[in-house]
Each structure stands twice: as C-alpha cells, then as structure tokens.
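Predicted model, so just to flag it, every value in this text is computed and none were measured.
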Amino acid sequence: MVIYFLSLLTIVFNMLLLLGILHVVIVERYEQIDTNIINQNELINATSRLALSYNSYRNAPNDKNLSIYEDNKSLINGIFLLLDKSITSDDSRLAFLGVRNTINSVIADTDAGVASLRSGDLAGTSQRYDDANRKLDFVRQNVASLLLKEINHSAELQASTTRIDYISSIASAALFVLISIVTIIISLAWSRQIITPLLRLDAIAKKISDGNIEADVDPGLIEEKDEVGSLARSFNVMIQHLRENLNALKRSNEETAKARDSAEGLVLVRTKELTEERSRLLASINSLSFGFLIVDMSGRILLKNRAMLELFGFAEGDGMTINAISEKLGGFDIAAEAERCLKGKVVCETKEIVFDKKILRGIVAPIMSRSDSDDKIGYVLLLEDITEAKVMERSRDEFFAVASHELRTPLTAIRGNAEMIMDSFASEIKSPDVKEMLSDIDASSIRLIDIVNDFLEVSRLEQGNVQIKQDKIDVFSIVSKAIGNLRSTAVKKGISLDVVPPSSPLPMALADANRVEQVLINLAGNSIKFTDKGGVTVRFSHDGSFIKVQVVDTGIGVSEQNQSLLFRKFQQAGEQMLARDVTQGTGLGLYICHRLVSYMGGSIFVEQSELGKGSTFSFTLPIAPQ
Amino acid sequence: MQGHTIFLLEDNAEMSRMYERAFRLRGYQVILADDGVKALAALDAMKDKPSALILDIMVPKMNGLDLMRDLRSKEIFKDVPIVVLTNSFYHDDSARFLDAGADLYLVKIEHQIKEVTEKVEALIHNGRSSSAK
C-alpha cells in the first residue's frame, strides 16, 4: 500500500514538473516578445535622439556632441542586434528588416552630415538633418507595423499558452488517472507477488506460535527461485529447528512435570502430615492443664493455649501480652526471667508466684533455631498451678510431722523401760540372751528416736520455723566443748579424737552457737562411726571472709559417685542406700547440717574422700563484721 | 529419798507407770493423776505437801500453763519444786513455763530415765534455787 502511494506521488510530481517546464517555456516566449516590443519602442526614441544629437553636433561640433551622437548610434545598433536575434516569425522579420533599412538610411544621412561637418563642409548639413527628420516618420510607421505584428504574435502565443495550459491540465488529469490506474494495477500485482508469500509465511508462523508445530511451508513457495523462495526455504529450516527444540522442550517438560508431580505429591503428603502433626500439637498444647506460651525475642506472644487464657481471665481475642501477665502476677517480671534464662541457654524454674489465691510455678525454656547454634528464636513459658500439689505437700509434711511426733512418747517408753530393766533389774536377769535382747531393744529405740528427731528437725527446717541466732561466737571454743561429748565413744573404739588449735586466734564468726555445736557433733560423730583405726582430727582456718572447720578422719571413705549424694535427703543409689550416714545414722544428718550451715550463711562439703583412706568434711561460717 | 512423796501428773499410761516405777525404785511414794482436774483435787486432798511436783503439760481438762500458775499461786507449794515434762518437739514453751515458776522443763525423749530421776532428786535435795535447767 505504501509503495503504491509513493509511486503515485512520484509520477504526479514528475508530471507537474513537466507541465511546469512546458508552461515556463511558453511564458518565456511571449515575454521575449514583450521585450522585443519594448526594444522596438526604444528604436524610435533612439532614432529620434540620434537626429537630435546630430543637430546638436551641427550646431556645436565638439567632441562631446560627437560622442553623444556615436553613443546613440551604438545604442541603435545594439537594439538591432537584439531584435535580430529575437524576432523569429517570418512576417515580423520582414517588418524588422524594413525598419532597419529605414533607420539605417537615417543613419546614413546623419553620418554623411557628420562627416561633412568634420571635414568642415557645412553645405547640405542642415539638409541632411531635414532628411533625417522626414525619414523618422517612416521609421515610426515601420516600427509601428512591426510592433503590431509582434503584438499579434504575443497574443497568439498567449492564446496558445492558455490553450496549452488548458490542454495540459486535461492531459495531466487524464495522465494522472491513467497512471494512477496503472500504478494501482502494478503495485497490486507486484505486492501480491511479494505479500502473498509473506502472508503465507506469516500464517504458518501464527500456526506455530499457537502451538501447531506440524505446520509446514508451502512446497510451492520453496520451489520459487527468487528471494521469496530463499526466504521460504530459510523459514522452513527455521521451522524444523523450532520443531525439534519444541519437541525436546516438551519431553523435558513432561519429565519435569512427572518429577514435580511426584515431588508435589510428596509435598502434599508431607504437608498433610505436617498439618496433621501441627493440629495434634496444637490440640495437645490446648489440652494442657498448665498455661503455655511461646514468646519471640521481642516479647511478642506467638502462641498461647486455653489454660493460659483462663488462668488470667483473658478471652480469646483479648490482646494478652507479657506485660499484662506480669502485672497480674503482681509485678513478677517475666521478661527479665526470660532474659536470664536465655542468656544461660538453660531451662529455668522461677520461684513460686502467688496469684489469685493460687500458687504458680513457672518454667522458662529457650528455643534455639538449632540445637547447636546460639540463635535464639524465643522462649516457652509454662505456668503451672501447683496450689493443690503444694497443699498436698504441706498436708503430707504436716501428717508426717504429726505422725513422727506421736512416735515420741511410745519410743520414750520403750527406751526408758529397757534402760530401767538393765539398770535396776540387772540382777534378776540371769539369761545373757535376755540381757542382750534388752540391750538391742534399747539400741534400736535410740536409733528410732534419732530418726524421728531428725525427721522432725528436717520438717521444721523446711517449714522455715527455725530460729537461727546471729551471735558473735568463738568457733574454736564451741567446737572444743562439743567434742567432749564424743570423747567417750572415741575412746571406746580405740581411735584418737583431737582438736588442733588454730595457729593464730580465729576471728569471731557470726552464727548460732547451738547449731554450730549440732553440726560439729554430727560431722565428728559420723567420722568416729566410720573410723575403726587411726582417728579424727578437727582443724581450723580462715580466709578473711569465712572460718573453715575441717573434720578429718582415717575412716572408710566415700566413693566418688556417692559423694554427690551425701547432703541430700534419703537418696537411693539403686537398691542400696548410701553406706555412710545411713547404716548407722538416720540418712538425714548431713542434710540437716547442710540446711543449718546454709541458714547461717556458710557452706558444707566433702573436701576430699577416698575409699579405704579417709575423708575430710568441712563447713564454713561467715566472719562477723568488725 | 525415803519418805518423800512425789506427785506425778501424766496422762499416758506407759509413761505414767515408767516414771512411777522409776521413782518408786528410788524409794519415793508417787501420787498419780491423769488429768488436770483430778490433779488439783488430789493435791487438795493431800495431808502433806509433796516433795516435788512432776507435771506433764499436755494433759486433758486443763491447760498446763494455767495449772502451773494455779499451783504456784498457792502458798503451800511455794517451796515445792515443779518439774514440767513434755514430749513436744517445739521448745519455745520452756521460757514461758520457767517464767511462770517451773524449776525444770524437760523434754522426755531427750533424757534417759536415769537423768530425769537424778535431776528431780537434786532439786528435792538442794531446794528450788539449785535447779539446773
């Protein structure tokens, strides 16, 4: 379409150019005639001026007038030349020749006159002037007829110009139409020649892009020898390659789809599994009787369970926050607890929290992104209502305390009677068996009494119903005095019992004298019990903050694995209880000592112990401020 | 000591027999009561005042401390040593009783029977001022 219009445009332009030239040529022609007409008029004037200039010379025959005369003559000749060249039509030429002859005869006259004048011959010079003037009329006539002829020619030419214009307009219009038609036909044919194959190729390309990769190029097109054919062949090759690629792609897609389907299948299965697992977890978390929270590092609650909401009286949609909970708990700073716990990366138990007539226990567990990393995601907070457990524990403790208490009187009776029999009725007991039995009854009752007393002591210590005095005491003197109580036992066993005085006087300790005595008797008593040879030694030292009392024995010792169990209540190491402190003791003595020493602000520990060699039990007491 | 009478208030039968025997074997006559009301009645009925009063403070029908104060208010018992016995684990009553006029506060289970008789005898022998707590 574009080509058609372009060609049309070119043709029209050419045509107009042609016409333009034609027109211009014609216009030039009658313009020339117009010029001729002007020149012809000039002739008359020039001839007239010639005559006049001759006259002037005749009157004043100087060089100046002569040159003016010559100029006029040149002028006339110049015009003759011009006209001679430009007058072309036959009748005009005849007229022109007539004019020229006439004017030339005028010139002849004047020239003759000039010549005479120049030679000084004045005769006939004025006659010459008259002749010239007379001829001027003829000149005018001739020029007029020439003029007339020229004007006619000009009119004719103008008419023919107009005619030409008219004709050329029609002709150009006709030509325009003709050429347009031709151009249309040609361009249509030509474009069909080119466009049809292109359209066909385009159609194939469309088919292919729509997915029909089996479309082929027309064999006809391929056969073509020209550029179209070449294009078609190239196109065909391209289609082949494309087809191969598409097939390969299809295959690869199918494989990927298969893999993806199976992966998707796996993912679906796994997702379903995970979803179910999550549902189970959430259901489990919601079914927990204690409050459960998952909190992120910024303190935002990510997950909460029903029990937690109920514990604090929040409804599902309420914005329960850590701060809100802390406030309800009377200012118990959950965030601070969590921070402490996260820093240590350990599970922490909070102290007991009293809330709304309940006793709660909190547990904070950090959540690491991986078990081996330091990246903390957040923490889990558990709040357990242990009120009932506490109440039960308390009532159990009370029960045992009451029960133990009840045992005291009967035990007193057993021991007292056994001893009275042995003391006051010894003479009446002949049988050594009976004597021995009585002795055993007595010993057992004493042991039972010790157990009961220890039990009650523990109970009292745990209740916190203990008055521990804080007095300035002299540890050395208290220990020395207390040791006296055990001396007889040591002597009976044949082992030594010594108190080594400190190298320099000890500072005063801040403690409870009775309790210190109690602890020492326990430790030293144990040492004596478990030592059969050698002896027990008590040593003192201090480090500026604490006074240390060491009870060193050469007894049976305690194995390393049992050492960690020593200061606990009745810890069972498998089937056997600990040898030390239980078989001939109550199993609570060291625990009581531990409690008492802790209350006094010190510590108690096994400094060293080796099976078969001996042990060193030590306790420390804070030095009284000066 | 011969001829001395000891008054014993004890509600537990075994304990009562035990202490009675212990003092009897030492030559004392023991007057028994097993509750506060009976104790006061028995004491009123006694012709001679006892050499010592041994009172278990956890007896029925009367608060031990009140009984103590009651007895101490009587002129007749002015010079009679009063020994208070208990098997309670909780000691803080001792101060109160001693302030109220008891001469000795003994936790039964903590002492051999022998010690109890010896301490009581010492009081009887040496008078109230010699009380060793």
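Within 6.0 Å of the CG atom in B:Asp48, the count of heavy atoms belonging to other residues, nucleotides or ligands does not exceed 12. For B:Lys78, the NZ atom counts as loosely surrounded, since its 6.0 Å shell holds 12 or fewer non-hydrogen atoms of other residues, nucleotides or ligands.
Remark: A:Ser404 pairs with A:Val452, A:Phe455, A:Leu456 by the side chain to side chain contact (heavy atoms under 4.5 Å, CB included) rule, at least two apart or across chains. In this structure A:Glu462 satisfies the side-chain hydrogen bond (donor to acceptor under 3.5 Å, both in side chains) test together with A:Lys569, A:Tyr591, sequence neighbours excluded.
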Derivation of the side-chain hydrogen bond (donor to acceptor under 3.5 Å, both in side chains) call for B:Thr86 and B:Asp56: CA-CA 6 Å; B:Thr86 181; B:Asp56 181 320; 5.7 Å; no

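Among residues at least two apart or in separate chains, ring pair (Phe, Tyr, Trp, His ring centres under 6.0 Å) pairs with a member in residues 460-485 of chain A are A:Phe476-A:Phe540.
When heavy atoms are compared at a cutoff of 4.5 Å, A:Gln467 does not approach chain B at all. For A:Asn417, the parts lying near chain B are the backbone and the side chain together; criterion is any non-hydrogen pair under 4.5 Å. Only the side chain of A:Ser424 comes within less than 4.5 Å of a heavy atom in chain B; its backbone stays farther off. Only the side chain of B:Leu25 has a heavy atom closer than 4.5 Å to any heavy atom of chain A.
We find that B:Lys49 and B:Glu75 are not joined by a salt bridge, their nearest charged nitrogen and carboxylate oxygen being 4.0 Å or further apart.
Panel note: side chain B:Arg72, backbone B:Gly101; a donor-acceptor pair is recorded below 3.5 Å.
Contact annotation for residues 12-22 of chain B against chain A (heavy-atom separation below 4.5 Å, listed by residue number): B:Asn12, B:Glu14, B:Met15, B:Met18, B:Arg21, B:Ala22.
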